[in-house]
Amino acid sequence: MIQFGSMVAKPPALKRLQTEVHSCRRCPRLVEWREASAATPPRRFRDDDYWAQPVAGFGDPRASLAIVGLAPAAHGANRTGRMFTGDRSGNWLYAALHRNGYANQPESVDAEDGLRLRDAYVTAVVRCAPPANRPSPAERDNCLHYLKRELELLERCQTIVALGAFAWDGALRALRGLGVEAPRPRPRFAHGTEVAIGEWTLLGCYHPSQQNTFTGRLTEPMLDRVFSRARELSG
């Protein structure tokens, strides 16, 4: 029987890190924005009880694959409390993970919907929803140590998929924080780019934002090829 990772107890260090993430208030602008978004939701979410706190990573603590996004969406993960959950980007991401054997279901509605991941862990560079999806460099740097520590604690992780240029840059910075230098010249983001960095392989993938999926810049086959390659790299 396949055992999906979110059903397995998390190691104490990872649980402590998630608790630390949830209590973070280091960025006043982001704290204000995440709470204001919860206080004035769009009509379709007016009956929802918003999480409105920083969002920790989600998935299998034994994962060989880490997926890094930009930040929670104001009415997605900031509402539901789980990465890439409750918005169309998450629908695309988890459907692709399901097609490629990393998730037990394609739907991602809320934190209690039964979604489980196997061999994958989903996280982000920034943990609070930023205005206009644009965190400042200082806000990025305030959060970066969380990503670095996650990569350190995910002891089986061999492959990192960066969803967009911001995540690509954040992943490179986190790896540098772990003492691993990127090749020179510094690798530039592009969809399908693959770079070996220390014990990890970094894969570039367009973010499954509505802007990318509605325009056809990112298609389901393109997303599937990235996760198929991640599966090959993880053996």
Side-chain angles (χ1 to χ4, degrees), residues 4-41 45 47-63 66-87 89-90 93-94 97 103 108-117 120-131 133-155 157 160 163 166-167 170-171 173-174 177-178:
F4 283 84
S6 296
M7 302 172 75
V8 178
K10 293 180 175 62
L14 193 55
K15 289 185 68 174
R16 286 195 297 270
L17 176 59
Q18 292 179 333
T19 299
E20 183 181 338
V21 169
H22 292 161
S23 62
C24 184
R25 298 182 66 87
R26 296 182 67 182
C27 302
R29 187 180 78 114
L30 299 190
V31 171
E32 181 180 2
W33 180 254
R34 79 191 190 209
E35 294 177 356
S37 298
T40 57
F45 298 137
D47 294 331
D48 289 14
D49 185 13
Y50 272 61
W51 171 254
Q53 299 175 51
V55 182
F58 163 71
D60 187 348
R62 302 169 304 186
I67 301 154
V68 182
L70 190 161
H75 304 292
N78 186 56
R79 175 174 59 89
T80 64
R82 190 176 70 195
M83 282 291 179
F84 280 94
T85 297
D87 59 30
S89 294
L93 176 62
Y94 288 116
L97 292 178
S108 175
V109 179
D110 58 51
E112 304 300 326
D113 60 10
L115 176 65
R116 300 288 184 265
L117 301 184
Y121 192 89
V122 179
T123 187
V125 178
V126 175
R127 305 312 170 100
C128 292
N133 287 323
R134 292 181 182 272
S136 71
E139 291 162 349
R140 175 203 63 205
D141 292 346
N142 279 344
C143 261
L144 201 58
H145 70 288
Y146 294 134
L147 178 59
K148 183 188 78 171
R149 287 166 62 192
E150 281 175 332
L151 293 176
E152 201 169 26
L153 291 170
L154 295 171
E155 296 179 352
C157 182
I160 302 168
L163 300 176
F166 189 93
R173 289 173 184 271
L178 292 173

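The figures here come from the full heavy-atom set of this structure, side chains too, leaving out hydrogens, waters and symmetry mates. Being a predicted model, the structure only gives us computed values, none of them experimental.
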Inset, instruction - Can you see which heavy atom on Ala71 is nearest to which on Cys128, and at what distance? - result: CB-O, 3.8 Å
Legend entry - Asp110 backbone acceptor or donor facing Arg82 side chain under 3.5 Å: yes
Legend entry - salt bridge (charged side-chain N to carboxylate O under 4.0 Å, His left out) assessment of Glu20 paired with Arg127: CA-CA 11 Å; Glu20 183 181 338; Arg127 305 312 170 100; over 6 Å; no
Inset, instruction - Report yes if some heavy atom in the side chain of Val125 is under 4.5 Å from a heavy atom in the side chain of Leu144; otherwise report no. - result: yes
Inset, instruction - Using modelled atom types only, decide if a donor and an acceptor are shared between the side chain of Gln53 and the backbone of Ser23 within a distance under 3.5 Å. - result: no
Inset, instruction - Measure across Ala103 and Leu117 and return the closest heavy-atom pair with its distance rounded to 0.1 Å. - result: CB-CD2, 3.7 Å
Inset, instruction - Check whether any side-chain heavy atom of Leu14 sits under 4.5 Å from a side-chain heavy atom of Tyr121, and report yes or no. - result: yes
Inset, instruction - Could you tell me whether the side chain of Thr80 and the main chain of Thr85 form a donor-acceptor pair under 3.5 Å? - result: yes
Legend entry - Flag, side chain of Arg26 to backbone of Asn142, donor-acceptor distance under 3.5 Å: yes
Legend entry - Over all atoms of both residues, closest heavy-atom pair of Pro41 and Ala38: CD-O, 3.4 Å
Inset, instruction - Kindly indicate whether the side chain of Leu115, heavy atoms from C-beta on, has any atom under 4.5 Å from the side chain of Phe58. - result: yes
Legend entry - Side chains of Cys24 and Tyr146 in contact at under 4.5 Å (non-hydrogen atoms): yes
Inset, instruction - List in chain and number order the residues that pass side chain to side chain contact (heavy atoms under 4.5 Å, CB included) with Glu139, two or more places apart in sequence or in another chain; answer none if no residue qualifies. - result: Cys27, Arg29, Leu30, Pro135, Ser136
Inset, instruction - Return the set of residues passing ring pair (Phe, Tyr, Trp, His ring centres under 6.0 Å) with Trp33 (not counting sequence neighbours), or none when no residue passes. - result: none
Inset, instruction - Could you walk me through whether Val126 and Phe166 pass the side-chain contact (heavy atoms from CB on, under 4.5 Å) test, one step at a time? - result: CA-CA 10 Å; Val126 175; Phe166 189 93; 4.0 Å; yes
Inset, instruction - Mind listing the closest non-hydrogen atom pair of Gly81 and Val55 along with its distance? - result: O-CG1, 3.8 Å
Legend entry - Closest non-hydrogen atom pair between Ala66 and Leu151, with its separation: CB-CD2, 4.1 Å
Inset, instruction - Test side-chain contact (heavy atoms from CB on, under 4.5 Å) on Leu147 and Glu150 and set out the steps. - result: CA-CA 5 Å; Leu147 178 59; Glu150 281 175 332; 4.0 Å; yes
Legend entry - Residue list, side chain to side chain contact (heavy atoms under 4.5 Å, CB included) with Arg79, at least two apart or on another chain: Phe45, Asp48, Tyr50
Legend entry - Rounded distance (nearest 0.5 Å) linking atom CG of Leu153 with atom NZ of Lys148: 11.0 Å
Inset, instruction - Search all heavy atoms of Ala124 against all heavy atoms of Met83 and return the closest pair with its distance. - result: CB-CE, 3.6 Å
